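Okay, so here's the structure we're looking at.
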There are 2 protein chains.
Amino acid sequence: MTIRLADAGDNNVLKPCLHDYQVSCGSCRLNSICLPLALESDDIEQLDSIIQRSKPLQKSQHLYREGDHFKSVFAVRSGALKAYKTTDDGREQVTGFYFPGEILGMDGISNNLHASSAKALETAAVCEIPFTSLEKLSSIMPSLQRHFFQLMSREITEDQQLITLLSKNSADERVASLMLSISSRNSRRKLSATQFRLPMSRVDIGNYLGLTVETVSRVFSRMQKLEILRVDNKEIKILDPNGLQNMANVAG
Amino acid sequence: MTIRLADAGDNNVLKPCLHDYQVSCGSCRLNSICLPLALESDDIEQLDSIIQRSKPLQKSQHLYREGDHFKSVFAVRSGALKAYKTTDDGREQVTGFYFPGEILGMDGISNNLHASSAKALETAAVCEIPFTSLEKLSSIMPSLQRHFFQLMSREITEDQQLITLLSKNSADERVASLMLSISSRNSRRKLSATQFRLPMSRVDIGNYLGLTVETVSRVFSRMQKLEILRVDNKEIKILDPNGLQNMANVAG
DNA sequence: GCAAGTTCTTGACGCAAATCAAGGACGATA
DNA sequence: TATCGTCCTTGATTTGCGTCAAGAACTTGC
């Protein structure tokens with residue numbers, strides 16, 4: 001059985017003139033994640049008015065590329081994306097995975113160029129938030145300004161978590177941590193915390209965690225043998241959440 | 001011969017009533033690094049008015065601790081600090097080193113608690129910037145708002161650099177990269193790019209780079225044998241900048 | 001200036017994960 | 001439904017760095 005992260009484009013029959021990806025912020029089921037603001041409803045309308053929605057990205061299409069002129073940040077509406085940098089010797093470093101309700105592109109603010117590339121891991125819809133409009137709106141809406149400071153700060157603390165993981169933890173611990181992270185992000189979106197489909201390949205996982213594909217694969221096999229989780233290709237079922245926590249051995 | 005990063009407290013004789021650490025932003029020699037803003041001089045005065053200066057921290061004193069209530073971000077005026085997190089099994093992860101002109105504490109914004117601790121590596125003076133004042137001022141000074149968005153974004157991209165370093169590079173490459181980073185940050189502050197004193201211990205370096213002390217020490221010995229640099233305890237002299245670039249093998 | 005503690009260096013050894021290699025499963029296309 | 005290409009798994013071997021150990025150099029306090 002498959003848990004779908006995405007729900008874009010499924011509702012055409014019911015709402016023939018309004019695609020799902022065009023839903024306004026006020027009625028978007030993700031708004032508690034994306035904008036957990038004490039916003040007045042006309043504040044939401046103002047924000048809504050600057051947001052641009054376009055048709056979904058197909059799998060492996062780029063949302064932006066490293067070096068592109070920075071114009072907007074993006075909120076994921078459905079599907080999943082990865083962000084990655086290319087090192088000068090041509091290798092790739094995956095810097096993050098982004099699920100519905102999460103914001104990406106903030107690394108482009110510092111010098112008006114995207115510092116990483118973003119690519120759809122599966123069909124994905126995003127909301128584009130033009131940054132100059134966001135800045136102007138932030139000036140007149142203190143809660144929005146604060147919200148964006150907080151979002152960026154959270155990105156910093158999450159990167160620091162990853163730094164710690166890479167610097168201090170074994171292959172087992174790294175993979176277990178990622179599974180827990182995906183699990184908790186799922187439950188935040190009211191999806192199953194114990195059963196989900198990984199949108200990314202083993203290569204991407206390894207790349208993100210500083211491991212080779214082979215090692216990731218071996219860790220999954222080991223976890224399966226220990227009956228911590230059931231792995232069927234990209235389908236994951238967590239059988240023993242405590243065991244997984246144990247294996248991760250980090251404050252998630 | 002010793003290159004001093006710090007200059008706090010040396011000028012008492014010349015200016016008996018105004019300690020060096022009390023210099024205003026307008027006349028601070030670091031303001032081009034700390035606030036590279038197109039600020040009008042009365043804008044600078046406004047910013048200046050919210051900034052609090054206190055007497056220098058002694059070596060190994062804390063500026064703030066993980067879990068402390070977040071109130072302010074800090075600009076380093078002199079000396080050097082490290083930021084670090086303690087993992088739940090009691091180990092330490094150094095997440096950054098901060099030199100004069102650099103800003104720290106931004107990881108506390110996301111949930112009003114400092115996500116890491118900050119400790120002086122040597123005598124250090126800092127400027128405290130209360131965050132609520134900064135937010136208010138940002139609302140009425142668009143260039144300041146932008147500046148802080150950019151600062152936070154830079155922190156994100158720098159963390160991503162470190163993630164890549166930890167995930168993809170050898171011990172030699174990591175240490176070489178750190179030396180280049182310190183070198184370029186020095187030259188930005190108009191100090192020697194080729195000769196400096198490391199304010200942090202080998203343990204801290206190893207911790208930051210995900211290596212053991214022994215490995216760091218061995219890398220330094222190797223670099224010395226290859227005549228890339230001369231190491232005399234904490235004194236570093238870069239003899240062959242190209243060789244060092246080569247060894248680092250990363251886009252600095 | 002000596003003693004005690006800390007920090008740094010160097011060597012010997014072991015191990016976790018990388019590399020190399022091969023085969024199997026899956027998904028797309030015709 | 002057969003074929004190609006990509007993705008995943010598993011095994012054998014190698015290796016870079018961690019661990020353990022010991023001693024040297026530096027720092028601090030008496």
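From a predicted model like this one, the values you see are computed outputs, not experimental measurements. Naming: A, B, ... by sequence-line order, numbering from 1 per chain. Computed from heavy atoms alone, side chains included, the values below leave out hydrogens, waters and symmetry copies.
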Distance check needed: [N] [atom2] versus [X] [atom1], whole Å only.
X: A:Ile205; N: D:dC7; atom1: CD1; atom2: C1'; value: 12 Å
X: B:Gln224; N: C:dC8; atom1: CD; atom2: P; value: 15 Å
X: B:Phe220; N: C:dT10; atom1: CZ; atom2: P; value: 12 Å
X: B:Leu211; N: C:dT9; atom1: CG; atom2: P; value: 14 Å
X: A:Asn207; N: D:dC8; atom1: CG; atom2: P; value: 13 Å
X: A:Lys234; N: C:dG27; atom1: NZ; atom2: C1'; value: 11 Å
X: B:Lys168; N: C:dA17; atom1: NZ; atom2: P; value: 15 Å
X: A:Asp204; N: D:dT6; atom1: CG; atom2: P; value: 15 Å

Item to check | Proximity to the side chain of A:Ser221 - top-ranked nucleotide from D:dC17, D:dT10, C:dT9 | outcome: D:dT10

Checklist entry - Between D:dT9, C:dA17, C:dC8, which nucleotide has the shortest distance from any of its atoms to the side chain of B:Arg202? => result C:dC8

Checklist entry - What do you reckon, is CZ of B:Arg65 surrounded by more than 12 foreign heavy atoms closer than 6.0 Å? => result no

Checklist entry - With a non-hydrogen cut-off below 4.0 angstrom, is A:Gly206 in contact with a base, only sugar-phosphate, or nothing? => result nothing

Checklist entry - Touch check for A:Ser201, heavy atoms < 4.0 angstrom, all strands: base, sugar-phosphate only, or nothing? => result sugar-phosphate

Next on the checklist: For the residue pair B:Ser187 / B:Ser184, report whether a side-chain donor-acceptor contact shorter than 3.5 Å exists.
Outcome noted: no

Checklist entry - Which word best sums up how the rings of B:Tyr208 and B:Phe97 line up, parallel for under 30°, tilted for 30 to 60°, or perpendicular for over 60°? => result tilted

Checklist entry - Hey, what's the ring geometry for B:Tyr84 with B:His62, parallel, tilted or perpendicular (30° and 60° as the breaks)? => result tilted

Pairs under 3.5 angstrom, nitrogen or oxygen only, protein versus nucleotides 27-30 of chain D, please.
none

Item to check | Short side-chain to backbone donor-acceptor contact, B:Ser117 and B:Glu66, under 3.5 Å | outcome: yes

Checklist entry - Has the side chain of B:Lys85 got a donor or acceptor atom that lies under 3.5 Å from a matching backbone atom of B:Ala115? => result yes

Which protein N or O atoms sit under 3.5 Å from an N or O of nucleotides 19-22 of chain C?
unit_1	atom_1	unit_2	atom_2	d
C:dT19	O4	A:Arg218	NH2	2.9
C:dC20	N4	A:Glu214	OE2	3.1

Considering only distance and modelled atom types, tabulate donor-acceptor pairs under 3.5 Å from the side chains of residues 227-234 of chain B, sequence neighbours left out.
none

Checklist entry - Hey, mind stepping through B:Lys59 and B:Glu122 against salt bridge (Lys or Arg N to Asp or Glu O under 4.0 Å) and telling me if it holds? => result CA-CA 4 Å; B:Lys59 180 172 174 170; B:Glu122 58 192 356; over 6 Å; no

Checklist entry - If you pin B:Arg222 and B:Asp232 to their nearest nucleotides in DNA chain D, which one's is more 5'? => result B:Arg222

Next on the checklist: I'd like to know whether B:Asn246 forms a side chain to side chain contact (heavy atoms under 4.5 Å, CB included) with B:Asp240, so could you lay out the CA-CA distance, the side-chain angles of the two residues, the decisive distance to 0.1 Å, and finally the verdict.
Outcome noted: CA-CA 10 Å; B:Asn246 248 10; B:Asp240 177 3; over 6 Å; no

